[in-house]
Amino acid sequence: MRRLTPYLLALPSWMWLAIFLVVPMVAMASVSLQTGNAYDGYAMTFSFSTYGEALGRYSTQLLRSLLYGGLATVAMLLIGYPVAYWIAFRGGNRKSMYLFLLLLPFFVSFVLRTISWNFLLADNGMLFGTLKDWGLVPEGFHVLATTLAVVGGLTYNFLPFMILPIYVALERVDPRVVEAAQDLYATRAGAFRWVVLPLSLPGVFAGVLMTFVPATADPVNAQILGGTGNTMIGNNIQTEYLVNLNYPTAAALSFTLMAVLLVGIFAYARALGTENVLEAAAR
């Protein structure tokens with residue numbers, strides 16, 4: 001019975017994953033191989049050509065999604081790492097307050113936060129309307145319906161998911177290790193390069209995973225902040241599912257996106273050194 005205890009304790013989580021992850025994935029895989037229409041019904045024909053047709057039709061949107069997600073992830077890393085570093089090493093007794101302020105926007109709906117940026121970045125809105133009245137920007141200047149607006153929205157909405165894992169990794173760095181490096185004649189930059197940064201890589205790894213994947217698949221920011229020329233693959237999947245009722249194409253697009261993301265994640269993990277990262281995270 002003792003040997004079965006760990007498995008029995010893990011059984012609820014396995015059942016949860018099976019019901020809400022494995023079963024939907026198998027169902028979506030089945031739908032992607034069917035042919036037909038929403039009115040006459042769909043039949044399993046093992047039609048793998050749906051993948052080729054979907055990829056050929058939406059390859060531009062897929063590449064754009066990867067580009068936007070990558071740019072947003074880099075921006076979040078450049079912004080989030082200094083913020084996490086400052087909270088971890090300079091926050092003092094107010095660390096909890098700073099983290100609370102960081103998470104405070106999450107008390108508001110994701111869609112409402114994105115819509116608020118739409119009002120803020122409108123051509124004649126609070127920000128640019130005032131700047132145009134003051135003559136600081138030309139009348140034809142606009143940010144909405146551009147790459148900058150979509151990437152900026154993605155960066156804003158997912159930034160805490162980058163900061164928090166990095167903060168947790170930095171919080172676990174013993175300050176005495178940094179002091180020891182400086183005692184051994186390492187400069188502050190050298191101590192950061194050879195001590196702090198390697199120890200924070202597990203947080204960076206987790207932060208990139210937690211931001212790149214949802215940012216690449218997100219349909220909200222592109223729909224609200226972008227124009228018709230900035231649609232992402234998430235918008236196309238949504239349209240195929242809910243508007244065109246073309247379930248096989250939508251399922252094929254979903255699996256294609258998942259496969260591309262998995263390849264990118266494994267390549268990133270290999271380049272970063274997954275074994276060292278996981279070993280450091282386990283300490």
Side-chain angles (χ1 to χ4, degrees), residues 56-87 98 100-163 207-208 210-244 250 253 257 260-261 264:
R57 189 187 311 172
Y58 296 111
S59 59
T60 301
Q61 288 79 3
L62 177 60
L63 294 176
R64 184 185 295 124
S65 298
L66 295 173
L67 174 63
Y68 287 2
L71 290 175
T73 302
V74 172
M76 283 182 274
L77 182 59
L78 294 177
I79 298 171
Y81 197 102
V83 173
Y85 183 93
W86 187 88
I87 296 176
Y98 295 139
F100 173 75
L101 293 176
L102 181 68
L103 296 174
L104 189 60
F106 277 71
F107 287 87
V108 180
S109 168
F110 180 89
V111 176
L112 290 179
R113 284 185 280 124
T114 308
I115 292 176
S116 67
W117 274 98
N118 189 308
F119 285 113
L120 182 64
L121 300 178
D123 294 348
N124 295 311
M126 182 188 306
L127 177 62
F128 293 114
T130 303
L131 294 177
K132 289 178 181 180
D133 292 339
W134 291 350
L136 297 178
V137 296
E139 287 294 329
F141 181 83
H142 72 281
V143 175
L144 285 179
T146 65
T147 298
L148 179 62
V150 179
V151 173
L154 293 172
T155 303
Y156 165 75
N157 280 303
F158 295 106
L159 182 60
F161 293 109
M162 177 67 76
I163 295 177
V208 170
M210 292 176 64
T211 53
F212 177 69
V213 173
T216 302
D218 176 66
V220 176
N221 286 273
Q223 182 175 352
I224 296 176
L225 301 178
T228 56
N230 293 283
T231 56
M232 298 172 63
I233 195 66
N235 302 109
N236 301 120
I237 294 174
Q238 183 182 47
T239 300
E240 292 291 350
Y241 262 124
L242 303 180
V243 179
N244 299 337
L253 282 175
L257 175 63
V260 172
L261 290 177

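Computed from a predicted structure; not experimentally measured.
There is a side-chain donor-acceptor pair under 3.5 Å between N230 and Y68. For the residue pair T231/N236, the side-chain donor-acceptor check at 3.5 Å is not satisfied.
Closest heavy-atom contact between F107 and L103: CD1-O, 3.8 Å. For K132 against E139, the heavy-atom pair with the smallest separation is NZ-O, 3.0 Å. Between E240 and A250, the shortest heavy-atom contact is CB-CB, 3.7 Å. Nearest heavy atoms, L144 versus A149: CA-CB, 4.1 Å.
Within the model, atoms CG of L225 and CG of L148 stand 10.0 Å from one another, a figure rounded to the nearest 0.5 Å. Atoms CG and CG, from L253 and L257 in turn, are 8.5 Å apart once rounded to the nearest 0.5 Å. Distance NE2/H142 to CG/L121: 11.5 Å, rounded to 0.5 Å. Expressed to the nearest 0.5 Å, how far CG of L67 lies from OG1 of T60 amounts to 12.0 Å. Here I115 contributes atom CD1 and L120 contributes atom CG; the two are 13.5 Å apart, rounded to the nearest 0.5 Å. Once rounded to the nearest 0.5 Å, the distance linking CD1 of I237 with CD of Q61 reads 11.0 Å.
Using a 4.5 Å cut-off on side-chain heavy atoms (C-beta onward), T73 and F158 make no contact. Using a 4.5 Å heavy-atom cutoff, the side chains of V150 and L154 are in contact. Looking only at side-chain heavy atoms (C-beta outward), Y156 and R113 come within less than 4.5 Å of each other. With contacts defined as side-chain heavy-atom distances shorter than 4.5 Å, the pair T216/M232 does not qualify. Residues L136 and F128 have side chains not in contact (no heavy-atom distance under 4.5 Å, counting atoms from C-beta outward). You'll find the side chain of D218 reaches within 4.5 Å of the side chain of F110, heavy atoms only. You'll find the side chain of Q223 stays beyond 4.5 Å of the side chain of T114, heavy atoms only.
Using a distance-only test at 3.5 Å, with no hydrogens or angles considered, a donor-acceptor pair links the side chain of S65 to the main chain of I233. Counting only distance, with no hydrogens or angles, the side chain of N235 and the backbone of P219 share a donor-acceptor pair below 3.5 Å.
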Evaluation steps, side chain to side chain contact (heavy atoms under 4.5 Å, CB included), between L66 and L261: CA-CA 9 Å; L66 295 173; L261 290 177; 4.1 Å; yes
Run T211 and L77 through side chain to side chain contact (heavy atoms under 4.5 Å, CB included) and show every step you take. CA-CA 10 Å; T211 53; L77 182 59; over 6 Å; no
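Applying the salt bridge (charged side-chain N to carboxylate O under 4.0 Å, His left out) test to pairs two or more places apart or on separate chains, none has a residue in residues 59-86.
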